2 protein chains.
Amino acid sequence: MDHALVSPEHPIDAETIAAERPGDHRAELRLWLRLLTCTTMIEGEIRRRLRRDFDVTLPRFDLMAQLDKAADGMTLSDLSKRMMVSNGNLTGLVDRLVASGHVARRASETDRRAQVISLTDLGRAEFRAMAEAHEGWIAEMFAGLSRDRVERLMELLARTKNSVREASRDA
Amino acid sequence: MDHALVSPEHPIDAETIAAERPGDHRAELRLWLRLLTCTTMIEGEIRRRLRRDFDVTLPRFDLMAQLDKAADGMTLSDLSKRMMVSNGNLTGLVDRLVASGHVARRASETDRRAQVISLTDLGRAEFRAMAEAHEGWIAEMFAGLSRDRVERLMELLARTKNSVREASRDA
DNA sequence: CGACTTTACTTTAAGCTTCAAATATCGGCT
DNA sequence: AGCCGATATTTGAAGCTTAAAGTAAAGTCG
């Protein structure tokens, strides 16, 4: 189904590709779809396993992961930037994590608008257990890639990130 | 901060990497986070632009994109598999698209359980306009990657996809 | 045929997510 | 001091998403 518009009955060689008409961006489009598929598959699998083994949602895990890296806690705005989600989103997520005793809010000492969020002992303990399993799952899912390919993929994605940032800047 | 535990003060060469302790999967973890960041950035930008220029949500666009590829329409199950979202999700999404006149439901002629969803003329026309802009946006975002790098990334992601599928099969 | 399993879809509850609007505070500037 | 634009957060409305449970129709097989 993928190559429907690119002569599926003929092999696609370098010549064919080089003969692309200007303004044809099907390659990039396919690349994006493949990138999206990979991410969706991995994310879905992680979500399922987190629920199955720890009865936790992915957003809760993600938020705790950010907090685990910041011993002194972070503000909602920091979290929002790092997690790339909206501010309003975090309000509710943090509310629920406070309710379940995994994170704590305290007022910022320097800015009366802000509050600092941090993991409770319970939250940290539970997160550490989940994180260990999580790392194993990720390793499993990338097990089919040699160390060398992992490195190359990493590098290409770094370039992608820069390219996207560039394009988004002057939207 | 990245290789903090892998002797940051010394250059990291092939030997150092090869000397990783077994059970250390930090490289894969970082790769996953980078992959996720790329996807999130692109997805967010596409979402913003679709809303800004066409007042449409990404899920609606995605669903119409699937239908545009299937002249005769698809069942909800087909859509569910292709879009990798749950069945229940689609029920509501299709409901809203029917309400706005972009897609139509009809009963399957061969299976009384199933219904076939297809684009209306309105839906197709609007989708085509959006799709053209969308392709341009994607091209923009990947503009920083040479054709060669696009090809290599595509190939590495194909391997990733296979690796993930393998790992998910016997979850 | 009739029991059983699978498949197609809907419904419900809970949670996630965004955008936009509102509130409060901050920081710089005059 | 006082104004003003930026920042931190919350709220509300709408829509998205999943998991789980339920209904109905197909397919399978003895």
Side-chain angles (χ1 to χ4, degrees), chain A residues 36 39-41 43-64 73-100 102-103 105-117 171, chain B residues 36 39-41 43-64 73-100 102-103 105-117 171:
Chain A
L36 182 57
T39 300
T40 304
M41 286 173 70
E43 206 172 58
E45 191 63 23
I46 296 295
R47 186 195 315 279
R48 266 187 293 283
R49 296 189 188 192
L50 280 175
R51 179 179 298 270
R52 182 194 62 188
D53 295 353
F54 299 101
D55 192 33
V56 77
T57 64
L58 185 51
R60 287 171 74 103
F61 176 80
D62 285 344
L63 195 150
M64 289 192 271
M74 308 172 68
T75 66
L76 283 178
S77 295
D78 289 341
L79 281 169
S80 169
K81 276 165 206 140
R82 298 242 192 179
M83 297 175 68
M84 295 190 282
V85 302
S86 66
N87 263 328
N89 190 353
L90 283 179
T91 297
L93 194 47
V94 169
D95 282 350
R96 286 184 290 274
L97 279 163
V98 168
S100 64
H102 291 83
V103 314
R105 298 177 127 118
R106 66 173 189 276
S108 164
E109 289 164 10
T110 56
D111 186 336
R112 264 186 299 175
R113 294 167 304 177
Q115 45 186 291
V116 181
I117 315 296
Chain B
L36 182 56
T39 299
T40 304
M41 286 174 71
E43 205 172 58
E45 191 64 22
I46 296 295
R47 186 194 313 280
R48 267 187 293 283
R49 296 188 189 193
L50 280 175
R51 180 179 298 270
R52 182 193 63 188
D53 295 352
F54 299 101
D55 193 33
V56 78
T57 64
L58 185 51
R60 287 172 72 103
F61 176 80
D62 284 344
L63 195 151
M64 288 192 271
M74 310 172 68
T75 66
L76 283 179
S77 295
D78 289 342
L79 280 170
S80 170
K81 276 165 206 139
R82 297 241 193 183
M83 297 175 67
M84 294 191 282
V85 301
S86 65
N87 263 328
N89 190 353
L90 283 178
T91 297
L93 194 48
V94 168
D95 282 350
R96 287 184 291 274
L97 279 162
V98 167
S100 64
H102 292 84
V103 315
R105 297 178 127 117
R106 66 172 188 276
S108 164
E109 290 165 9
T110 56
D111 188 336
R112 265 187 298 175
R113 293 168 304 176
Q115 45 186 294
V116 180
I117 315 296

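Chain A is the first sequence line, chain B the second, and so forth, proteins listed ahead of strands; every chain is numbered from 1. Note that this is a predicted model, so its numbers are computed, not measured.
- In terms of position on DNA chain D, the residue among A/Val116 and A/Gly44 whose nearest nucleotide sits closer to the 5' end is A/Val116.
- Rounded to the nearest 0.5 Å, atoms OG1 (B/Thr39) and CD (A/Glu43) are 8.5 Å apart.
- Listed by chain and residue number, A/Glu45 satisfy the salt bridge (charged side-chain N to carboxylate O under 4.0 Å, His left out) test with A/Arg48 (two or more places apart in sequence, or in another chain).
- B/Arg105 is not listed as a side-chain neighbour of B/Val116, based on a closest heavy-atom distance of 4.5 Å or more.
- Direction change of the helix axis from one end of the helix from C/dC1-D/dG30 to C/dT30-D/dA1 to the other is 20°, with five pairs defining each end axis (rounded to 10°).
- The side chain of B/Arg113 approaches D/dA26 more closely than any other nucleotide in the set D/dA26, D/dT7, C/dC9.
- In this entry the distance linking NZ of A/Lys81 with P of D/dT9 reads 9 Å, nearest Å.
- In plain terms, the two heavy atoms of B/Leu90 and B/Met83 that are nearest each other are CD2-SD, 4.1 Å.
- The phosphate of D/dA8 has neither OP1 nor OP2 within less than 4.0 Å of any side-chain N or O from A/Ser108.
- Closest-nucleotide positions on DNA chain C for B/Asn89 and A/Ser86 were compared, and the one nearer the 5' end corresponds to B/Asn89.
- Following rounding to the nearest Å, B/Arg52 (CZ) and C/dA20 (C1') show an atom-to-atom distance of 17 Å.
- Considering only residues two or more places apart in sequence or on other chains, A/Arg113 meets the salt bridge (charged side-chain N to carboxylate O under 4.0 Å, His left out) condition with A/Asp111.
- Residue A/Asp95 is the one, among A/Asp95 and B/Leu90, whose nearest nucleotide of DNA chain D lies closer to the 5' end (criterion: closest heavy atom).
- Between B/Ser80 and C/dA8 there is no side-chain N or O to OP1 or OP2 distance below 4.0 Å.
- Taking only side-chain atoms of B/Thr75, from C-beta outward, the nucleotide of C/dC9, D/dA8, D/dT10 with the closest atom is C/dC9.
- Within the 3.5 Å criterion, the main-chain N or O of A/Leu76 finds no donor-acceptor partner in the side chain of A/Ser80.
- Per the geometry, CG belonging to B/Leu50 stands 15 Å off C1' belonging to C/dC19, to the nearest Å.
- Which of D/dA19, C/dT25, D/dC16 sits closest to the side chain of A/Asp111 comes down to C/dT25.
- Among the heavy atoms of the strands lying under 4.0 Å from B/Leu93 are primed sugar atoms or P, OP1, OP2 only; no base atom is included.
- In the set C/dT10, D/dT9, D/dA26, the nucleotide with an atom closest to the side chain of B/Leu76 is C/dT10.
- Here D/dG15 presents its C1' atom at 10 Å from CZ of B/Arg60, a figure rounded to the nearest Å.
- One atom, CZ of B/Arg47, and another, C1' of D/dA14, lie 14 Å apart when rounded to the nearest Å.
- The distance from atom CE of B/Met74 to atom CZ of B/Arg82, rounded to the nearest 0.5 Å, is 4.5 Å.
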Anything under 3.5 Å between a donor and an acceptor, one on a side chain of residues 53-60 of chain B, the other on a protein residue two or more places apart or in another chain? List them.
{"from": "B/Thr57", "atom 1": "OG1", "to": "B/Arg60", "atom 2": "N", "distance (Å)": "3.4"}
{"from": "B/Arg60", "atom 1": "NH2", "to": "B/Ser100", "atom 2": "OG", "distance (Å)": "2.7"}

I'd like a list of close polar pairs between nucleotides 21-23 of chain D and the protein, N/O only, cut-off under 3.5 Å.
none

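- The side chain of A/Pro59 lies closest to C/dT17 when the candidates are C/dA8, D/dT17, C/dT17.
- OP1 or OP2 of C/dA14 has not a single side-chain nitrogen or oxygen of A/Arg51 nearer than 4.0 Å.
- In this structure, the side chains of A/Arg106 and A/Gln115 stay at 4.5 Å or more apart for every pair of heavy atoms.
- For B/Thr75, the side chain to side chain contact (heavy atoms under 4.5 Å, CB included) partners at least two apart in sequence or on another chain are B/Ser77, B/Asp78, B/Ala114.
- For A/Ser77, counting side-chain heavy atoms from C-beta on, the closest listed nucleotide (C/dC19, D/dT9, D/dT10) is D/dT9.
- Contact between the side-chain N/O atoms of A/Arg112 and the OP1/OP2 oxygens of C/dA24 is not found at any separation under 4.0 Å.
- Nucleic acid contact class of A/Thr91 (heavy atoms, under 4.0 Å, all strands): base.
- Side chain of B/Arg105, nearest nucleotide from C/dC16, C/dT10, D/dT10: C/dT10.
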